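First comes the structure, then the notes that go with it.
Throughout, residue positions are numbered sequentially from 1 according to the sequence presented. Owing to the predicted nature of the structure, the values given are computational and were not obtained by experimental measurement. As a basis for the values below, the full set of heavy atoms in this structure was taken, side chains included, without hydrogen atoms, waters or symmetry mates.
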Amino acid sequence: MAVSHVQHRDSATGSIPSNTSLHMGSGMAANTNSKAGIVAKLLEALSAFAHVCKRRIPTVIAVALLLAVWEAWVRIGNVPSTMIAAPSEIAQATVETWSTLWPATQVTLLEGTVGFLFAVLFGILIGILLYCSCIANAALFPLLSAAQTMPLISIAPLFLIWFGFEISGKIVIVTVFGLFPIAVQTIRGLEAVPQFYSDVALTCGATKAWTLWHVKLRVAARQIYGGIRVSAAYIFATAATAEYLGARKGLGIWLQAAYNSFRTPLIFSAALVIIAITGVLMCLVNLSERVLLGPADADADPDADQ
């Protein structure tokens with residue numbers, strides 16, 4: 001009777017039962033924790049953005065000063081546009097000729113990208129071969145090094161004879177000139193792997209092939225990526241140079257036409273595009289390294305400072 005009276009009084013007075021209060025309290029706590037987590041993530045993102053801005057601000061200031069001095073020198077010094085173009089003239093020429101500049105860029109972009117992917121594949125495979133076989137290293141590495149000392153202009157006529165003016169010839173040239181730093185860094189990276197990594201894997205029953213592909217290459221991956229970055233830095237410049245020496249279309253032909261007509265702003269426009277697509281490729285390489293291997297400090301030895 002007393003219990004029913006209490007319950008009746010609770011319903012009459014509108015008081016909230018204790019179990020409902022607990023549920024609402026836990027819900028409010030979860031909501032508060034969720035908001036706190038979102039705020040923490042936002043603060044972390046803002047901190048990372050501020051760190052990136054702090055690192056890049058000097059670069060932005062230096063580029064802005066360079067462009068300002070360049071523009072002032074051309075305008076005040078009355079430098080002929082056929083000698084050197086002002087940044088404003090280069091920007092204007094790029095916009096005005098974009099309808100023909102972009103198709104030429106697409107050709108060079110295709111040649112450089114495909115050639116770069118082949119260079120990465122064959123560079124790593126050749127590096128592994130030369131690391132695993134002393135005979136192959138002694139026989140092929142000097143030839144590979146000699147091939148890199150040859151200027152592009154000296155072997156481009158051979159590729160024109162073999163492949164004609166087609167895109168395939170430019171892809172082969174880009175591959176040949178792009179794989180050397182990747183192969184070298186693959187060899188050096190594998191040679192730098194401490195022996196105890198292999199010893200532990202072999203002691204646990206792993207085969208030599210498994211140890212090579214799953215242990216040594218993983219440890220050497222950072223150094224291999226160093227070679228990939230070196231190769232990516234001049235991939236599109238190599239493709240454009242090969243086009244300049246003989247092709248039907250591409251940025252090399254664009255440069256040749258601009259040079260023959262003494263249109264200096266267009267030469268700078270093509271150079272600007274090559275720099276831009278090279279920068280994009282470098283960013284993609286860095287992104288792939290971070291996705292596959294994690295941050296650079298993730299491989300640091302925690303006992304190194306002790």
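Although no hydrogens or angles enter the test, the distance criterion places a donor-acceptor pair under 3.5 Å between the side chain of Thr238 and the main chain of Tyr234. Asn137 places no side-chain N or O within donor-acceptor distance of the main-chain N or O of Ser133, the cut-off being under 3.5 Å. Side-chain N or O atoms of Thr100 include one that pairs as donor or acceptor with a backbone N or O of Thr97 at under 3.5 Å. The backbone N or O of Asn286 sits nowhere less than 3.5 Å from a side-chain atom of Arg229 that would complete a donor-acceptor pair.
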Query - Derivation and outcome, side chain to side chain contact (heavy atoms under 4.5 Å, CB included), residues Ile155 and Ile173 - result: CA-CA 9 Å; Ile155 63 172; Ile173 291 177; 5.8 Å; no
Query raised in the report: Should Val215 and Val193 be marked as a side chain to side chain contact (heavy atoms under 4.5 Å, CB included) after you check the CA-CA gap, both sets of side-chain angles, and the distance that decides it?
Result: CA-CA 9 Å; Val215 178; Val193 176; 5.6 Å; no
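Shown here is Leu287, whose CG atom has more than 12 heavy atoms of other residues, nucleotides or ligands within 6.0 Å. Atom CD1 of Ile153 has 12 or fewer heavy atoms from other residues, nucleotides or ligands within 6.0 Å. The number of heavy-atom neighbours closer than 6.0 Å to CZ of Phe118, taken from other residues, nucleotides and ligands shown, is 12 or below.
A salt bridge does not link Arg248 with Glu243: none of the charged nitrogens is closer than 4.0 Å to a carboxylate oxygen.
Looking only at side-chain heavy atoms (C-beta outward), Lys216 and Ser198 come within less than 4.5 Å of each other. Contact annotation: the side chain of Leu266 never approaches that of Thr94 to less than 4.5 Å [non-hydrogen atoms, C-beta and beyond]. Taking the side chain as every heavy atom from C-beta outward, Ile126 and Thr186 never approach each other to under 4.5 Å. At least one side-chain heavy atom of Gln92 sits less than 4.5 Å from a side-chain heavy atom of Glu96. Side-chain contact between Val79 and Trp73 is present, with heavy atoms from C-beta onward closer than 4.5 Å. Counting heavy atoms from C-beta on, the side chains of Ile277 and Leu281 never come closer than 4.5 Å. Ser88 has its side chain within reach of Arg75: a pair of non-hydrogen atoms, C-beta onward, lies under 4.5 Å apart.
Relative orientation of the Trp98 and Trp102 rings is parallel, given thresholds of 30° and 60° on the angle between their planes.
When all heavy atoms of Thr108 and Leu251 are compared, the pair lying nearest together is OG1-N, 2.9 Å. A pairwise comparison of heavy atoms in Pro265 and Glu89 identifies CB-O, 4.1 Å as the closest pair. Taking each heavy atom of Ile274 and Ala237 in turn, the nearest pair found is CG2-N, 4.1 Å. In terms of heavy atoms, Ile235 sits closest to Gly178 at CD1-CA, 4.3 Å. Of all heavy-atom pairs spanning Ile253 and Ala247, the tightest one is CD1-O, 3.3 Å. The two residues Cys132 and Leu212 have their closest heavy-atom pair at SG-CD2, 3.8 Å.
Under the 4.5 Å side-chain heavy-atom criterion for grouping Ile, Leu, Val, Met, Phe, Trp and Tyr, Ile76 is not connected to Leu67 through any hydrophobic cluster. Residue Leu140 is not grouped with residue Ile135 when hydrophobic side chains (ILVMFWY) are merged at heavy-atom distances under 4.5 angstrom, including chains of intermediate members. Linking ILVMFWY residues whenever their side-chain heavy atoms come closer than 4.5 Å, directly or via other members, places Leu129 and Phe180 in the same cluster. Hydrophobic clustering keeps Leu190 apart from Leu179 (ILVMFWY residues linked when any side-chain heavy atoms are closer than 4.5 Å, directly or through intermediates). Transitive grouping of hydrophobic side chains (ILVMFWY, heavy atoms separated by less than 4.5 Å) brings Ile124 and Leu121 into a common cluster.
Considering CD1 of Ile90 and CD of Glu71, their distance stands at 9.0 Å, rounded to 0.5 Å. Taking CD1 from Ile182 and CZ from Phe116, the interatomic distance works out to 5.5 Å, rounded to the nearest 0.5 Å. For the atom pair CZ of Phe177 and OG1 of Thr241, the computed distance is 9.5 Å after rounding to the nearest 0.5 Å. Here the CD1 atom belonging to Ile187 is positioned 11.0 Å from the CD atom belonging to Gln223, to the nearest 0.5 angstrom. With rounding to the nearest 0.5 Å, the separation of CG in Leu245 from CG in Leu160 is 7.5 Å. Put simply, SG on Cys204 and CH2 on Trp210 are 8.5 Å apart, with the number rounded to the nearest 0.5 Å.
When ring centroids are compared, Phe268 and Trp254 stay outside the 6.0 Å threshold.
Here Arg263 pairs with nothing under the salt bridge (Lys or Arg N to Asp or Glu O under 4.0 Å) rule; sequence neighbours left out.
Side-chain N/O atoms of Ser288 and Tyr225 include a donor and acceptor closer than 3.5 Å.
For the side-chain contact (heavy atoms from CB on, under 4.5 Å) with Phe163, the lone residue among Ile171, Leu158, Val172 that qualifies is Val172.
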